[in-house]
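A quick write-up on the structure given underneath.
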Amino acid sequence: MPAQPIAPHIREAAIIHARLLDRLIAETEVEAERADCRFVQESLREWLAVLRAERRVYGLAATLLVANIENAA
């Protein structure tokens, strides 16, 4: 089944969202390493798990789109 075309504005928004998530993940990792309080470290690690799961969605969507385009060719 071929992939549905993605409107340019939707693709642009998704790329920006992914880029912002990457930056937020990197900043959160730094803060988690810097934190002295175990509670803060654990809280940030839990949030990192949520952020990484959200980021994987963008990666998976891109992979599926490419796979669908290649299969259609």
Side-chain angles (χ1 to χ4, degrees):
M1 174 184 231
Q4 296 294 325
I6 297 176
H9 66 281
I10 294 173
R11 182 184 313 273
E12 180 182 5
I15 290 169
I16 292 170
H17 290 186
R19 187 172 57 234
L20 289 171
L21 277 167
D22 288 341
R23 289 180 10 209
L24 186 54
I25 288 168
E27 288 293 322
T28 305
E29 289 171 336
V30 169
E31 291 294 331
E33 291 175 15
R34 191 181 306 171
D36 293 327
C37 175
R38 187 173 293 276
F39 176 80
V40 172
Q41 290 173 342
E42 184 60 29
S43 174
L44 291 173
R45 285 188 191 117
E46 288 175 4
W47 193 37
L48 275 169
V50 171
L51 292 171
R52 287 177 177 140
E54 183 70 18
R55 182 58 178 90
R56 279 191 295 275
V57 169
Y58 286 98
L60 179 61
T63 302
L64 290 175
L65 177 63
V66 170
N68 285 341
I69 290 171
E70 289 174 353
N71 289 337

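For the single chain, residues carry numbers from 1 onward in sequence order.
Listed by chain and residue number, nothing satisfies the side chain to side chain donor-acceptor pair (under 3.5 Å) test with E12 (two or more places apart in sequence, or in another chain).
Identified under the side chain to side chain donor-acceptor pair (under 3.5 Å) test for residues 33-49, with sequence neighbours left out: E31-R34. Among residue pairs with one or both ends in residues 13-22, those qualifying as side chain to side chain donor-acceptor pair (under 3.5 Å) are H17-Y58, D22-R55; sequence neighbours excluded.
Distance OG1/T28 to CG/L51: 5.5 Å, rounded to 0.5 Å. Atom CD1 of I25 sits about 11.0 Å away from atom CG of L20, to the nearest 0.5 Å. For the atom pair CZ (R56) and CD (E54), the distance works out to 10.5 Å, reported to the nearest 0.5 Å.
Nearest heavy-atom pair across A35 and V40 is CB-CG1, 3.7 Å.
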